[in-house]
Amino acid sequence: MKNKIFEFLDLGNQPLANSYIKKKDLNKKERMYRLVVRYNNLNKLVSIKKTFSSKDMFNNEYPYRSSTSQTMSLHLKKLAQNIKKKMPTKILEIGSNDGCFIKNFDKKKTIGVEPCTNVEKITKKQKYNTYPEFWSPTLARKILKKHNKVNLIFSSNTISHIKNLDEVFEGINIILDEKGIFIIEDPSLLECLKKNTYDQFYNEHIYVFSYLSLQNALTKHNLEIFKIEELKIHGGSNRYYIKKITNKIKLHKSVKHHKYKERKFGLENLKTYIKFAKRIEYSKKKLLSIFIRCKKNNKKIIGYGATAKSVTILNYCNINNKMISYFVDTTPDKQNKYTPGTKILIKKDSNLINDKVDYAFLGAWNFKKEIFNKEKEYIKKGGKFIVHTPYPRIICK
Ligand code: TMP
């Protein structure tokens, strides 16, 4: 079959998702690009067309902190506890962020790799062994000069951010012990399509993986997925357990099962992606009409969780600072700044009840449970949320 790439979804002009704007820069021209999503019918990869250099996206101003969500902290703690039972001697994390995962282990046992120096500083200060560099075969060799091979490599929501997958896996092969395990967690393409979460696409998410596409990329490097766990985190992710092909661990039944589900849903057919794009066009109209109706009725709407994902939604649907009064977000580096493209102020917190908020647009829909728990009183007093997934609607539970 010919290697054909089909562009199936155009999410319009977008700013870089994590480039929150400082007040003094509000009148400066933002860097914009066209967000187009493609499907490759040979290797089954779904990727964005226009990409930026890693240095442009992951630098000393990167605002994201894994630890700001209790859900994420607990999720990684649970995994760490399970790993500890298997008593690995050396663990490497690619994209260690603020140490949300490695902090669960003995400092002597872990190596972190985190290119955003403002975030890496946090773990360095706590005396964790972290490298403020991008993952590459060169870095793998450099680490190997100082340490032995590692038995476990973990990477959460990072591999899908790296354009050159061949380099990623080449590096893995250099540093991973022959009997070692590589664990990747990333958003699931199947869940993205099922839940219409087109906001999984933004400049940092170069790929949204399926089992089918990830295994294709791994095969070239003699790496193999031997187990898959379907996770609720981030609105539906997969945890892929990967081994070297020479390691004779038996394939878990979850691999066959997940592969079957992806094929049955049509992840190998272009038609599936075209249908998805049609649903997204409808989703845009519907979401915008909810905002327009609420504003006509003089309702106050704020945004809850100024996520990178919500940047895609707001810019695609033309929802601006006339519709959303402000955002609230717990991340210090986002606070007192403005959302990219739409220029909506981000506040530290707000008392939704005293501030007479009628609706909160749930930017951090992936942490709905945690947020609804926090905002029990608001909901009790009649406060509502606007969501876009699986279809745009107003909810209170
Ligand atoms: P993410 O979806 O990219 O992980 O980002 C989640 C964002 O939501 C992050 O900026 C923190 C924010 N957030 C809140 O503001 N309040 C909350 O209660 C939670 C769970 C997250």
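Counting convention: from 1, in listed order, for ligands and their atoms alike.
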> Does any N/O atom on Y304 come nearer than 3.5 Å to any N/O atom on ligand 1?
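So ligand 1 has no N or O lying under 3.5 Å from an N or O of Y304.
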> Under a 4.0 angstrom heavy-atom cut-off, which atoms of ligand 1 come close to K309?
1 (P), 2 (O), 3 (O)
> Polar-atom distance check: T307 versus ligand 1, any N or O pair below 3.5 Å?
no
> With backbone taken as N, CA, C and O and side chain as the heavy atoms from C-beta onward, which portion of N366 lies under 4.0 Å from ligand 1: side chain, backbone, both, or neither?
side chain
> Quick one: which ligand 1 atoms are inside 4.0 Å of a heavy atom on E370?
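Taking each heavy atom of E370 in turn, ligand 1 has 20 (C) under 4.0 Å.
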> Hey, what's the ring geometry for F327 with F361, parallel, tilted or perpendicular (30° and 60° as the breaks)?
perpendicular
> List the atom of T312, the atom of Q14, and the distance in Å for their closest heavy-atom pair.
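Smallest heavy-atom distance, with atoms named: O-NE2, 3.2 Å.
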> Does the side chain of E229 come within less than 4.5 Å of Y241's, by heavy atoms?
yes
> Is the shortest N/O to N/O distance between T331 and ligand 1 below 3.5 Å?
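Among all N and O atoms of T331, at least one is under 3.5 Å from an N or O of ligand 1.
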> For atom 8 (O) of ligand 1, find the nearest protein heavy atom and state the residue, atom name and distance (0.1 Å precision).
A364 CB, 3.5 Å
> Going by the angle between their ring planes, with limits at 30° and 60°, are Y316 and Y198 parallel, tilted or perpendicular?
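Rings of Y316 and Y198: perpendicular, over 60°.
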> For atom 13 (N) of ligand 1, find the nearest protein heavy atom and state the residue, atom name and distance (0.1 Å precision).
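The closest heavy atom on the protein side is T330 OG1, 3.5 Å.
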> How are the rings of Y207 and F209 set relative to one another: parallel (under 30°), tilted (30 to 60°) or perpendicular (over 60°)?
parallel
> For atom 17 (C) of ligand 1, which protein heavy atom lies nearest, and how many Å away is it?
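It is K374 NZ, 3.3 Å.
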> Would you mind checking which non-hydrogen protein atom is closest to atom 4 (O) of ligand 1, with the distance to 0.1 Å?
Y64 OH, 2.7 Å
> Does Q200 offer a backbone N or O that forms a donor-acceptor pair with the side chain of T197 under 3.5 Å?
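Not a single qualifying donor-acceptor pair exists.
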> Not counting sequence neighbours, which residues clear salt bridge (charged side-chain N to carboxylate O under 4.0 Å, His left out) with K107? List them please.
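With neighbours one apart ignored, the set is empty.
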> According to side chain to side chain donor-acceptor pair (under 3.5 Å), who are the partners of K368, at least two apart in sequence or on a separate chain?
none
> Please list the nearest protein heavy atom to atom 12 (C) of ligand 1 with its residue and the distance rounded to 0.1 Å.
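Nearest protein contact, heavy atoms only, for atom 12 (C) of ligand 1 is D329 OD2, 3.3 Å.
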> Run the contact test for M72 against ligand 1 with a 4.0 Å cut-off on heavy atoms, strictly below, and give the result.
no
